[in-house]
Amino acid sequence: MTDASTPVDKNHHADVSGGWLRPAVFGAMDGLVTNIALIAGVGGGGVAPRSIVLTGFAGLVAGAISMGLGEYTSVQSQNEQVEAEVVKERRELERNPAGEARELADIWVERGLSRELAEQVAEALRRNPEEALRVHVREELGVDADDRPSPWTAAFSSFVCFSTGALIPLITYLLGFDSLWLALAVGGLGLFVAGAVVARFTNRRWWVSGSRQLLLGALATGATYLVGRLIGVGVA
């Protein structure tokens with residue numbers, strides 16, 4: 001418990017704005033699952049180890065570029081949409097400040113504040129247009145106009161983490177081993193470790209998070225392996 005003289009620690013929460021963690025986690029998991037499933041599919045079709053490595057690196061490069069571009073476009077488009085809504089809200093506050101104040105008070109009344117207190121706070125905000133704009137955007141749109149994720153950070157995090165994840169199931173081949181099952185086992189270990197690391201940010205049990213990612217990756221790998229076996233047998 002703190003008193004008025006105790007400074008407030010504003011950094012005691014993790015960053016949940018989606019700046020780097022979401023694209024990093026998504027990129028790493030996607031890189032792992034994509035390349036594990038990819039080499040399982042072509043390996044199940046009976047291709048040579050050299051072809052598996054070539055396929056894996058092609059998947060790594062194409063997937064990393066696609067993930068990076070996709071994250072940049074997605075985050076930038078989201079930011080542009082938020083900006084458009086902020087401009088719209090600014091116009092509404094300029095044209096009808098009293099009506100916007102009543103709308104804000106109504107929102108707070110629905111959340112449990114007394115009508116009198118809600119109207120007092122809303123009226124006080126009218127004297128500070130910029131703060132009023134931030135509060136209206138947060139309350140009506142559910143976003144913080146001053147805390148938007150960087151598209152470059154999202155793109156870079158996704159690109160790097162996808163590449164790292166996609167490289168893991170290829171490590172055994174690069175070390176000179178030709179066993180598909182050894183490569184899949186290393187990839188599965190990578191999935192489990194990645195899921196366990198994510199648990200550090202989510203307060204879940206590390207073994208539950210790791211097992212979940214391993215199971216999901218195993219399902220994708222099993223499906224593509226079966227497809228590879230069917231197509232490989234059919235072509236033969």
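Contacts of R127 classified as salt bridge (Lys or Arg N to Asp or Glu O under 4.0 Å), with partners at least two apart in sequence or in another chain: none. Legend: residues meeting salt bridge (Lys or Arg N to Asp or Glu O under 4.0 Å) with R90, ordered by chain and number and at least two apart, are E130. Residues that satisfy the side chain to side chain contact (heavy atoms under 4.5 Å, CB included) test with F26, not counting sequence neighbours, are M67, E71.
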- Test side-chain contact (heavy atoms from CB on, under 4.5 Å) applied to R134 and E139, step by step: CA-CA 9 Å; R134 283 191 288 270; E139 295 294 334; over 6 Å; no

- Query: After noting the C-alpha distance and the side-chain angles of R212 and L191, does the key distance pass the side-chain contact (heavy atoms from CB on, under 4.5 Å) rule?
  - Reply: CA-CA 9 Å; R212 178 182 62 184; L191 275 172; over 6 Å; no

- CA sep, side-chain torsions, deciding dist, call: E83, R148, side-chain contact (heavy atoms from CB on, under 4.5 Å): CA-CA 10 Å; E83 180 60 31; R148 280 172 264 178; 3.1 Å; yes

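Counting only heavy atoms from C-beta outward, the side chains of T224 and L38 never approach each other to under 4.5 Å. By the 4.5 Å heavy-atom criterion applied to side chains, T164 and C161 are not counted as neighbours. A 4.5 Å side-chain heavy-atom check between L184 and P169 finds every atom pair outside the cut-off. In this structure the side chain of K88 reaches within 4.5 angstrom of the side chain of E85, judged on heavy atoms. The shortest side-chain heavy-atom distance between L69 and F159 does not fall under the 4.5 Å cut-off. A heavy-atom distance below 4.5 Å is not found between the side chains of E131 and H136. Within the 4.5 Å cutoff, the side chain of L167 has heavy atoms near those of the L174 side chain. F57 places none of its side-chain heavy atoms less than 4.5 Å from the side chain of N35.
Following chains of ILVMFWY side-chain contacts shorter than 4.5 Å, one cannot reach V193 starting from M29, and the two form parts of different hydrophobic clusters. Under a hydrophobic-cluster definition in which Ile, Leu, Val, Met, Phe, Trp and Tyr are linked whenever side-chain heavy atoms come within less than 4.5 Å, directly or via other members, F156 and L60 are assigned to the same cluster. No continuous path of hydrophobic side-chain contacts links L189 to F177 [ILVMFWY only; heavy atoms under 4.5 Å]. When the side chains of ILVMFWY residues are joined at heavy-atom separations under 4.5 Å, either directly or via intervening members, L175 and L182 end up in a single hydrophobic cluster. Follow the hydrophobic side-chain contacts under 4.5 Å out from V25 and you reach F201 in the same cluster.
Here the closest non-hydrogen pair linking V198 and S209 is CB-OG, 4.4 Å. Nearest approach of V42 to V47, heavy atoms of both residues: O-CG2, 3.1 Å. What you find for V33 and A220 is that their closest heavy atoms are CG1-CB, 3.8 Å. Annotation for A118 and V109: closest pair CB-CG2, 3.8 Å, computed over non-hydrogen atoms. A pairwise comparison of heavy atoms in G59 and F162 identifies O-CE2, 3.8 Å as the closest pair.
Interatomic distance, CG of L133 versus CG of N128, reported as 10.0 Å (0.5 Å rounding). Note that CD of E119 and OG of S114 are 9.0 Å apart. Values are rounded to the nearest 0.5 Å. Note that CG of L141 is 6.5 Å distant from CD of E89, once rounded to the nearest 0.5 Å. Between D178 atom CG and I52 atom CD1 the span is 8.5 Å, to the nearest 0.5 Å. The distance from the CD1 atom of I39 to the CG atom of L54 is 13.0 Å, given to the nearest 0.5 Å. Taking OG of S150 as the start and CH2 of W20 as the end, the distance is 14.0 Å to the nearest 0.5 Å.
Atom CZ of R138 has more than 12 neighbouring heavy atoms from other residues, nucleotides or ligands inside a 6.0 Å radius. Within 6.0 Å of CZ on R204 lie no more than 12 heavy atoms contributed by other residues, nucleotides or ligands. Taking a 6.0 Å sphere around CD of Q81, one finds it holds 12 or fewer heavy atoms contributed by other residues, nucleotides or ligands.
Screening residues 39-62 for salt bridge (charged side-chain N to carboxylate O under 4.0 Å, His left out) gives no qualifying pairs among residues at least two apart or on separate chains. The ring pair (Phe, Tyr, Trp, His ring centres under 6.0 Å) contacts involving residues 213-232 comprise W181-Y225, where partners must be two or more places apart or lie in separate chains.
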Listed pairs under 3.5 Å, donor-acceptor, residues 92-108 side chains, sequence neighbours left out:
residue: N96; atom: OD1; partner: G99; partner atom: N; Å: 3.1
residue: D106; atom: OD1; partner: R115; partner atom: NH1; Å: 2.7
residue: D106; atom: OD1; partner: R115; partner atom: NH2; Å: 3.1

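Between the side chain of N79 and the backbone N or O of P149 there is at least one donor-acceptor pair closer than 3.5 Å. Not one N or O on the side chain of S158 forms a donor-acceptor pair closer than 3.5 Å with the backbone of A154. Side chain of S77 to backbone of S74: no donor-acceptor contact under 3.5 angstrom is found. Between the side chain of S211 and the backbone N or O of W207, at least one donor-acceptor pair lies under 3.5 Å. For the pair T221 (side chain) and G217 (backbone), a donor-acceptor distance under 3.5 Å is present.
Using the six-membered ring where Trp is involved, F192 and W206 have ring planes that are perpendicular, over 60° apart on the 30 and 60° scheme.
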